[in-house]
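Worksheet: one structure, shown below.
Just so it is clear, the structure is predicted and the values come from calculations on it, not from any experiment.
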Amino acid sequence: MTTTTGADERIKHTSILRRALVRPELGAMGGTVAVFAFFLILAGNTQMFALDGVLNWGTVSAQFVVLAVGVSLLMITGEFDLSLGSMVGFSGMIFGLLAVYVGLPAWAAIGVTVLACGLIGAVNGLLVIRTGLPSFIVTLAFMFILRGLTIWSAITFNKQPVVSGIADISAGDPIAWLFGGKALGGLFVWLGEQGWIATYTRGTRLGRPIVDGIPMLMIWALVMVIVGQWVLTRTRFGNWIYAAGGDPQAARYIGVPVARVKVAMFIVAALCATLLGISQAVEFGSAASDRGMMKEFEAIICVVIGGALLTGGYGSVVGAALGAVIFGVVQQGLFFTNVESSLFRVFLGSILLAAVIANTYIRRAITGER
Amino acid sequence: MKNRVLKAALLTGLAVSATLGFAGTALADGEKYVLIHHSPDSETFWNTVKNGASLAAKEVGATVTFRNPPTGDLADMVRIIQQTTAEKPDGIIVTIPDVETVGSAIEDAVAKGIPVVTMNTGTAEESKKLGALLHVGQPEFEAGKGAGERAKAAGIKSFLCVNSLFPNIAGQQRCEGFAAGLGVPLGQQMIDSGTDATEIANRVKAYLSNNPDVGAVLALGPMTALPTIKALKDTGLAGTIFFATFDLTPEISQAIKDGVINFAIDQQPFLQGYLPVITLTNDLRYGVLQANSVLSGPGFVTKDNLALVQSLAGKYR
């Protein structure tokens, strides 16, 4: 590094344009624009960008966003959690068994599940901190342990790997609707009556609006992105998160409780997976032990598209959310076009590669890192 | 501190392995069979096979253990077959997901003098060629075709095949059979649905909104059938669009009862677990062996024959 007199970086003037561009999520923003442009050209005349189409890929994206928020915060502290996909299946199954087999009301089953899964997140974090082992290995172990427990508990208590009957229990429950329900239903009925949104032209719902509400998961996703980004960029705790991942030793020297920050982020990530697990169980009325397969990697992919570094200390919640939207749109988009559907994996892989390469160049240009 | 954590971990590990050890030895009695299949751990279907095989083993006083590659990797399955062969059990019950991959391992088991019964995936011809005693299963193409013919009789001309088994040849054959039964070529109607419930439901919605003239939906198993039920209910098409699925679970039975699913194609997995154990035992004890392979399916479950099926779905049906 060269020293120039009077160039203290804290008071150095940076142009508004540069400040606007110097962001981890810049690559993801470009990627989002490119992906939407691509599908507007390819599927612009289909239902993809009609209201029901937007909710279609929006729901799939929201699933990724919910996980990506937790994973991005955890990855910025410099840790991984590969047990999150298993946690999705595990939390849904625990909730299902408590509700169906033990007979707890849905709200109590949700409460116990959230506590139990948060605790497992804490165990993950404490094991990583106390043993000094890489989180990659510790959480890999929990990926198997949780998936195995999910299958075992389902078979043992229910004689089959799917627990059904959740729909009856969650109907009318004071808080279960927060997880699988839809919001603003009345608004959409009204919009349909005004003729502002399309109505069904066939089937048992003839004449009713094609969208009967916004899935709660989308609202969760939105709230979590806003809160997550605010905490990360506007609070002291957010600075601790960056510091814990950027240089833990230096952070400790200036008094950042690195261990506690990391454990907290393990808990947050586990709770994000729990939210998805319970939501899927309530929405589909059943808990299956194969839910959440591969979700841990998909979430990491979203976060990396969003500009985060695998080594920690760099990244953003908004970027991760954009990465999740790209992932969701690409996953679902090809089904609106009449392109051979087995090609979507090829397309997905290409987008990932392009996004990550672009991110790397942008970051180098911004930070001056070689 | 570190030491204490390590000690605790070791103790827990010992306790767990001790419990597992006891559970394993308590079963030992009579002939020992090993059932090896190709699917990952968590599918409902295999639970029914296990229940059938366990029941048969209990009835004849034999034991049967179950092995499978946890991720569904066929290369792992070959290793499991080889390892099992080395243990020399009294009989092996095995699936043939791909004869090229697992064929020679099965032949080796036969060559070592272990009686083998094949079941589920694979054909009677493949089974015979490998030297197995017989095959218990459902021919996939014919099962799909039978379903397609039923749909055609109901006036259906086009369909969507929701395929979550994309790299698996059985899925392709089921879709091809259905298309052949309808008398249409198979092309874009088969979609790669993925395995996530929300993604499957939304892909079905996307396809149907893009192709509103589709007359029927075919799901290849519970993994796709349950999200498809939801997709059809959400879009108000439940009960108006023709909907057939492979295999049974309590939810599928309920949907048949509600008129959402027209019929389920049941390959009767109970028989695929039960009959091989009985066949092996009769052959070993009395030298009695039937001369032909067994078609365990397709059985068609409709509203009319649902009552018994429903009470046992997911366990014995």
Side-chain angles (χ1 to χ4, degrees), chain A residues 43 46-48 50 52-53 55-57 59-60 63 89 127 130-132 144 147-148 150-151 154-155 158-162 164-165 200-206 208 210 212 217 280 283-286 288-295 328 331-333 335-338 340-345, chain B residues 1-2 5-6 9 40-48 50-51 70-71 163 166-167 187-188 190-199 201-212 222-223 226-227 229-241 249-251 254 313-316:
Chain A
T46 67
Q47 291 294 309
M48 182 169 176
D52 56 336
L55 279 195
N56 187 321
W57 50 258
T59 312
V60 173
Q63 287 202 139
L127 273 174
R130 289 285 154 83
T131 60
F144 291 114
R147 181 68 66 191
T150 308
I151 299 170
I155 303 266
N158 201 46
K159 277 209 157 188
Q160 48 177 311
V162 178
S164 47
Y200 282 112
T201 52
R202 61 171 177 161
T204 49
R205 298 194 167 189
L206 182 75
R208 286 171 51 191
I210 48 169
D212 58 358
L217 206 58
Q280 280 203 343
E283 188 182 352
F284 291 94
S286 65
S289 42
D290 54 6
R291 295 263 163 85
M293 289 262 189
M294 298 297 290
K295 280 280 173 284
Q331 284 245 7
Q332 295 301 116
F335 294 88
F336 284 97
T337 70
N338 279 328
E340 168 64 36
S341 65
S342 52
L343 283 176
F344 90 90
R345 290 170 219 265
Chain B
M1 186 64 220
K2 264 189 188 169
V5 173
L6 267 179
D41 289 331
S42 47
E43 282 184 28
T44 317
F45 179 90
W46 289 98
N47 196 47
T48 313
K50 280 182 189 177
N51 287 345
T71 57
N163 190 351
F166 218 76
Q188 299 290 330
M190 184 168 75
I191 60 165
D192 180 352
S193 69
T195 54
D196 178 86
T198 307
E199 283 164 26
N202 283 317
R203 282 175 197 179
V204 170
K205 282 187 204 170
Y207 187 93
L208 291 180
S209 90
N210 235 25
N211 302 275
M223 183 179 259
L226 305 189
I229 292 172
K230 183 172 184 317
L232 295 184
K233 282 188 175 161
D234 282 356
T235 51
L237 291 176
T240 58
I241 198 167
T249 66
E251 292 89 349
Q254 187 59 42
K315 287 166 187 157
Y316 295 112

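Atom CD of residue B:Glu199 and atom CD of residue A:Gln332 lie 6.0 Å apart, to the nearest 0.5 angstrom. The structure places OG1 of A:Thr59 at 5.0 Å from CG of B:Asn202, a figure rounded to the nearest 0.5 Å. Atom CZ in A:Phe336 sits 11.0 Å away from atom CG in B:Asn211 (nearest 0.5 Å). Annotation: the span from B:Thr198 atom OG1 to A:Leu217 atom CG amounts to 7.5 Å, rounded to 0.5 Å.
Annotation: side chain of B:Arg203 is not in contact with side chain of A:Val60 (no heavy-atom distance under 4.5 Å). No side-chain heavy atom of A:Phe284 sits under 4.5 Å from any side-chain heavy atom of B:Ile229.
Using a cutoff of 4.0 Å between basic side-chain nitrogens and carboxylate oxygens, B:Asp196 and A:Arg291 are not scored as salt-bridged. Taking the charged nitrogens against the carboxylate oxygens, A:Glu283 and B:Lys233 have no contact shorter than 4.0 Å, which rules out a salt bridge.
Shown here for A:Asn56 and B:Ala206, the closest heavy-atom pair between the two residues is ND2-N, 3.5 Å.
For a residue to count as touching a neighbouring chain, one of its non-hydrogen atoms must lie under 4.5 Å from one of that chain's; by this rule A:Gln280 touches chain B with the side chain only. Interface remark: B:Lys205 contributes backbone and side-chain atoms alike to the contact with chain A (heavy atom separation under 4.5 Å). Contacts of B:Glu251 with chain A are made by side-chain atoms alone, with heavy-atom separations under 4.5 Å and no backbone atom involved.
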>> As a quick check of understanding, evaluate side chain to side chain contact (heavy atoms under 4.5 Å, CB included) for A:Val162 and B:Thr249, giving each step before the final call.
In response: CA-CA 9 Å; A:Val162 178; B:Thr249 66; 5.8 Å; no
> Can you check side chain to side chain contact (heavy atoms under 4.5 Å, CB included) on A:Asp290 and B:Thr195, steps first, answer last?
Replying inline: CA-CA 9 Å; A:Asp290 54 6; B:Thr195 54; over 6 Å; no
